[in-house]
Amino acid sequence: MNLFSDIKTVVLEALEALVEAGRLPAGLDYGAITVEPPRDPLHGDMASNAAMVLARAAGQKPRDLAEALAGQLRAEPAIAAVDVAGPGFLNIHLSPNKWRGILPVILQKGADFGRSEMGQNKRINIEFVSANPTGPLHVGHTRGAVFGDALAALLDFAGFQVTREYYINDGGAQVDVLARSVYLRYLEANGRAVSFEDGTYPGDYLIPVGEALKDKYGDSLVDQPESAWLAELRLFSTNAMMDLIREDLAALGVKMDVFFSEKSLYGTGKIEAALAVLKDKGLIYEGYLEPPKGKRPEDWEPRKQTLFKSTEHGDDVDRPVQKSDGSWTYFAPDIAYHYDKIARGFDGLIDVLGADHGGYEKRMKAAVRALSDARVPLDIKLTQLVRLFKNGAPFKMSKRAGTFVTLRDVVDQVGADVTRFVMLTRKNDAPLDFDFAKVLEQSRDNPVFYVQYAHARINSVLKKAAAAGIACDPAHLRGADLSEIAHASELAVLKKLAEWPRLLELAARHHEPHRVAFYLYDLASVFHGLWNKGNDLPELRFLQESYPQRSAGKMALITAVSIVISNGLGILGVTPVDEMR
RNA sequence: GCACCCGUAGCUCAGCUGGAUAGAGCGCUGCCCUCCGAAGGCAGAGGCCGCGCGUUCGAAUCGCGCCGGGUGCACCA
């Protein structure tokens with residue numbers, strides 16, 4: 001149930017009636033017509049631009065057309081009043097009963113209220129995190145993980161079939177570095193003195209891996225040449241790192257459906273097959289690249305390489321898939337990986353990447369467009385940097401020293417719920433300030449707290465109501481008398497609740513889960529406002545001990561708020577709390 | 001030099017496929033607890049929406065060109 005689309009349907013029917021009456025030409029394009037909440041509530045409950053959008057094609061003045069439409073709409077029972085304003089807006093006022101009607105629906109649908117058919121069960125693959133398997137996840141990955149997971153939940157709620165996927169970069173040279181670093185920790189576990197030079201990972205997290213290796217092999221690998229152990233250690237180490245990463249993700253409440261190994265693309269003909277597809281389309285050739293202008297590397301020399309003609313599909317320059325020595329660039333397995341996703345039958349692909357991968361966007365989109373003949377859209381969401389603060393002071397992160405701030409550091413200090421909510425209070429493409437002290441503060445400028453507080457307050461009232469003998473289960477409240485829900489502050493809450501299905505679809509369409517976080521903040525705000533109105537106006541208090549039947553309607557209202565908060569938080573992956581501590 | 005992202009109140013940021021008098025929090029000023037959780041609410045002050053052209057009935061939103069900040073730019077992923 002989406003009141004806005006309901007009313008839009010009513011508007012479209014009114015237009016058809018005008019066509020039949022010969023008042024409007026047939027065949028007009030209704031595509032641009034909207035029915036939205038007006039920015040200023042004084043303008044009514046809903047505003048439509050129908051008259052202005054159609055005026056030109058209909059050869060009429062917007063206001064004249066608006067008046068005609070208004071006449072039609074006034075006959076509708078759900079509509080209390082319509083007026084024409086400004087250049088030709090239709091301002092529609094719904095009857096309070098229409099608004100109240102949202103409550104039984106929410107109570108009946110419960111956790112499914114807002115769930116949409118928009119996605120039509122289309123299959124979407126969301127690839128996110130995909131951190132190199134060389135160490136624990138850090139704060140940057142955390143943002144990507146939270147964003148990807150929330151986006152997945154959002155699309156699921158909007159009616160898509162979603163697959164959460166992690167691409168393991170276990171094929172490249174960084175895995176050799178990892179294996180050598182683990183070997184050093186292994187020697188250390190066998191009592192050897194070791195030093196970590198440049199080109200190795202010095203982090204403590206490899207110590208247990210070295211010990212585990214010793215448990216498995218004793219000292220049999222000590223003093224052996226690299227050729228004797230490298231292959232085995234690559235596997236052993238990446239497995240250990242992926243276990244670590246899985247635990248990190250679990251601590252944040254993220255569960256992947258698929259872990260896809262880059263390595264599985266090598267030696268299986270998959271890369272060759274994907275490139276063959278591109279070659280058949282004439283998009284692969286041998287050639288030379290121009291040096292980048294303005295910032296010419298000192299050691300530039302022209303090299304003959306195998307190139308993908310990504311410029312055919314919107315990229316700025318063609319991109320190498322094969323190095324001059326014949327080995328693959330990283331781009332080649334990435335092409336094969338995306339080809340694999342297309343072959344698995346997804347209707348849409350989403351890659352969530354760190355902002356430093358911005359330069360990668362066009363070439364990957366070009367590849368997907370070419371490989372799928374433009375059938376499968378690829379959306380790339382870049383998550384900007386997280387700036388860490390502690391009590392307002394910047395918090396330095398130094399990878400060289402091996403002391404970077406990990407996902408675990410963050411989750412252990414502030415908890416998964418707070419981490420997730422805070423990371424979703426910014427658009428993905430805006431940088432995010434994360435202050436360890438501030439996010440735990442219990443005040444209005446902490447959105448996590450503010451939303452949770454609303455939920456806790458409702459729970460508190462419902463408990464008191466139950467103690468006072470008022471039945472508060474949704475099934476009971478569905479039949480409650482709502483006629484006394486009439487104050488402007490109460491209607492404001494109803495209207496905000498009614499926005500939820502519409503907001504959800506917008507957020508899903510734009511792939512923007514942060515809109516859910518901002519909506520919840522707004523909803524909490526109108527609720528807190530109504531709560532405090534009870535200070536001045538006793539009849540607005542939720543608990544009306546001397547009038548149990550009046551209380552029932554109010555219980556229905558706040559239960560509905562609680563349901564929508566739960567549903568929204570559920571998408572963000574945050575657990576609603578019943579009481580503040 | 002090129003590409004991508006950002007530029008909105010003193011600060012941090014929302015702003016819906018273009019819509020009416022541009023919003024919130026913090027900070028500042030002043031109010032509201034005999035009353036369901038004041039961990040809250042109400043009100044006030046504070047804006048050339050970076051600049052300029054253009055498209056449109058209508059632009060913070062779309063297009064082009066500038067300015068400022070960030071990121072990335074062959075055989076690293």
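Chain naming here is simple, since letters A, B, ... match the order of the sequence lines and numbering starts at 1 in each.
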Base-pairing mate for G23(B) - Watson-Crick or G-U, with both contacts under 3.5 Å:
C13(B)
Just name whichever nucleotide pairs with G7(B), Watson-Crick or G-U, keeping both distances under 3.5 Å, else none.
C67(B)
Does anything in residues 432-452 of chain A form a ring-ring contact (aromatic ring centres under 6.0 Å, His included)? List the pairs, not counting sequence neighbours.
F395(A)-F436(A), F434(A)-F436(A), F449(A)-Y453(A), Y450(A)-Y521(A), Y450(A)-H528(A)
In [range], what residues come within less than 4.0 Å of RNA chain B, judged by heavy atoms?
range	answer
residues 312-326 of chain A	D316(A), P320(A), K323(A), S324(A)
residues 529-536 of chain A	G529(A), W531(A), N532(A), G534(A), N535(A)
residues 31-38 of chain A	I33(A), T34(A), E36(A), P37(A)

Using the test side chain to side chain donor-acceptor pair (under 3.5 Å), find all partners of [X] that sit at least two apart in sequence or belong to another chain.
X	value
R502(A)	none
K495(A)	D45(A)
E499(A)	none
S261(A)	D170(A)

How does protein reach along nucleotides 21-29 of chain B, written 5' to 3' as B (base within reach of a heavy atom under 4.0 Å), S (only sugar-phosphate), or - (no contact)?
-S-SSS---
Just label C66(B) as syn or anti from its O4'-C1'-N9-C4 or O4'-C1'-N1-C2 angle, using within 90° of 0 for syn.
anti
Under-3.5 Å N/O pairs linking protein and nucleotides 66-71 of chain B:
none

Could you go through the salt bridge (charged side-chain N to carboxylate O under 4.0 Å, His left out) check for E484(A) and R550(A) one step at a time?
CA-CA 7 Å; E484(A) 295 197 41; R550(A) 185 193 283 174; 2.8 Å; yes
With respect to the phosphate group of [N], does any side-chain polar atom (N or O) of [X] fall under 4.0 Å of OP1 or OP2?
X	N	result
R363(A)	A74(B)	no
H514(A)	G15(B)	yes
Y450(A)	G41(B)	yes
K427(A)	C13(B)	no

Which residues pass the side-chain contact (heavy atoms from CB on, under 4.5 Å) test with V493(A), sequence neighbours left out?
L497(A), V526(A), L530(A), L557(A), V561(A)
Sequence-distant partners of H357(A), side-chain contact (heavy atoms from CB on, under 4.5 Å), two or more places apart
L353(A), Y360(A)
C1' atoms of U12(B) and G18(B), separation to the nearest Å:
27 Å
Nearest-nucleotide pick for R387(A), side chain only, options being C4(B), A77(B), C13(B):
C13(B)
Against the side chain of R426(A), the closest entry in A38(B), C13(B), G19(B) is C13(B)
Is there side-chain contact between I92(A) and D83(A), with heavy atoms separated by less than 4.5 Å?
no
So what does P431(A) hit on the nucleic acid, given a heavy-atom distance under 4.0 Å: a base, only sugar-phosphate, or nothing?
sugar-phosphate
With a non-hydrogen cut-off below 4.0 angstrom, is R515(A) in contact with a base, only sugar-phosphate, or nothing?
sugar-phosphate
